[in-house]
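Let me begin by presenting the structure, written as structure tokens, before commenting on it.
Because the structure is a prediction, the values reported are computed rather than measured.
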Amino acid sequence: AKMRDFITKLIVQGLLMLLEDEVEVRCRAADDKLVAACLEAAAKEYSKVVEAETGAKKACKLSLDSATKLPPAPAAGQHGASCLGGVVLACQKGTITIDNTIDSRLHLV
């Protein structure tokens, strides 16, 4: 339940940066079910925050990006890119992205 809340908040935070009507959410293949379960709650929370802050009604259509996946979690003996989890939000046919992965957040520390 904590991971679900965390992912939902990551999505909402990214949506507030994008302010777009349609956004694709990218995640690791292993997180598909978890992220898909967060989409509806994230869209509702986004609309609620925008209305509370601006008075405007704004909705966003979220979808899981089934074509583009983030790399898998790090593992012993694995070489190449890895990802600890989180999401990347993409809009405008992938030309605009917000990287809200755990990895990107650790780089901020």
Side-chain angles (χ1 to χ4, degrees):
K2 283 185 180 181
M3 192 61 172
R4 194 169 167 169
D5 288 343
F6 178 64
I7 295 294
T8 301
K9 288 176 183 173
L10 288 177
I11 295 170
V12 172
Q13 186 180 50
L15 290 175
L16 291 168
M17 290 185 243
L18 291 171
L19 295 172
E20 291 286 331
D21 296 330
E22 289 189 31
V23 175
E24 281 191 314
V25 181
R26 299 173 179 168
C27 64
R28 301 179 307 181
D31 294 335
D32 275 352
K33 285 183 182 172
L34 170 66
V35 173
C38 299
L39 296 181
E40 188 179 334
K44 285 181 181 174
E45 181 64 21
Y46 167 72
S47 296
K48 196 166 95 177
V49 170
V50 170
E51 188 171 357
E53 296 295 323
T54 67
K57 291 195 182 294
K58 184 145 179 72
C60 181
K61 182 180 174 228
L62 288 173
S63 59
L64 193 61
D65 188 335
S66 54
T68 307
K69 293 292 166 199
L70 301 181
Q78 173 189 319
H79 300 289
S82 66
C83 179
L84 295 170
V87 294
V88 171
L89 277 62
C91 60
Q92 305 293 332
K93 297 183 177 149
T95 57
I96 301 171
T97 59
I98 297 288
D99 185 341
N100 227 355
T101 58
I102 295 170
D103 306 71
S104 72
R105 298 179 75 83
L106 287 173
H107 288 296
L108 298 175
V109 177

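- The number of heavy-atom neighbours closer than 6.0 Å to CD of Glu40, taken from other residues, nucleotides and ligands shown, is 12 or below.
- Both Leu39 and Ile98 belong to a common hydrophobic cluster when Ile, Leu, Val, Met, Phe, Trp and Tyr are linked at side-chain heavy-atom distances under 4.5 angstrom.
- Of all heavy-atom pairs between Cys60 and Ala43, the closest is O-CB, 3.8 Å.
- Looking at every heavy atom in both residues, Pro74 comes nearest to Cys83 through CD-O, 3.9 Å.
- Two residues are said to be in side-chain contact when any heavy atoms from C-beta on lie closer than 4.5 Å; Thr97 and Leu89 fail this criterion.
- For the atom pair CD1 (Ile7) and SG (Cys27), the distance works out to 8.0 Å, reported to the nearest 0.5 Å.
- Connection of Met17 to Val12 is established within a shared hydrophobic cluster, with ILVMFWY side chains joined at heavy-atom distances below 4.5 Å, either directly or through further cluster members.
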| query | Step by step, would you call Lys44 with Lys48 a side-chain contact (heavy atoms from CB on, under 4.5 Å)? | reply | CA-CA 6 Å; Lys44 285 181 181 174; Lys48 196 166 95 177; over 6 Å; no
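- Closest non-hydrogen pair, Glu22 versus Cys91, comes out as O-CB, 3.6 Å.
- Within the 3.5 Å criterion, the main-chain N or O of Gly85 finds no donor-acceptor partner in the side chain of Thr101.
- Counting heavy atoms from C-beta on, the side chains of Val25 and Asp65 never come closer than 4.5 Å.
- The two residues Ala42 and Leu15 make their nearest non-hydrogen contact at O-CD1, 4.2 Å.
- Atom OG in Ser66 sits 11.0 Å away from atom CZ in Arg26 (nearest 0.5 Å).
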| side-chain contact (heavy atoms from CB on, under 4.5 Å) between Lys57 and Ser47, worked out | CA-CA 7 Å; Lys57 291 195 182 294; Ser47 296; over 6 Å; no
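- One hydrophobic cluster holds both Met3 and Val87 under the rule that ILVMFWY side chains link at heavy-atom gaps under 4.5 Å.
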| task | Starting from the C-alpha separation in whole Å, work towards a yes-or-no answer on side-chain contact (heavy atoms from CB on, under 4.5 Å) for Glu51 and Lys58. | result | CA-CA 7 Å; Glu51 188 171 357; Lys58 184 145 179 72; over 6 Å; no
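- By the 4.0 Å N-to-carboxylate-O rule, Arg28 lies close enough to Asp31 to be salt-bridged with it.
- Asn100 contributes a side-chain N or O that, together with a main-chain N or O of Leu10, makes up a donor-acceptor pair within less than 3.5 Å.
- Val50 places a side-chain heavy atom less than 4.5 Å from the side chain of Leu16.
- Looking only at distances, a side-chain donor or acceptor of Arg4 sits under 3.5 Å from a matching main-chain atom of Ala37.
- Taking the side chain as every heavy atom from C-beta outward, Glu20 and Val23 approach each other to under 4.5 Å.
- Residues Val35 and Leu70 do not share a hydrophobic cluster, defined by chaining ILVMFWY side chains whose heavy atoms lie under 4.5 Å apart.
- The main-chain N or O of Asp99 is found under 3.5 Å from a side-chain atom of Ser104 such that the two form a donor-acceptor pair.
- Tyr46 and Leu64 end up in the same hydrophobic cluster when Ile, Leu, Val, Met, Phe, Trp and Tyr side chains are linked at under 4.5 Å.
- Taking CG of Leu34 as the start and CZ of Phe6 as the end, the distance is 10.5 Å to the nearest 0.5 Å.
- Sparse packing is recorded around NZ of Lys9, with 12 or fewer heavy atoms of other residues, nucleotides or ligands lying under 6.0 Å away.
- The closest donor-acceptor contact from the side chain of Asp103 to the backbone of Leu84 lies under 3.5 Å.
- Taken from SG in Cys38 to CG in Leu62, the straight-line distance is 10.5 Å, to the nearest 0.5 Å.
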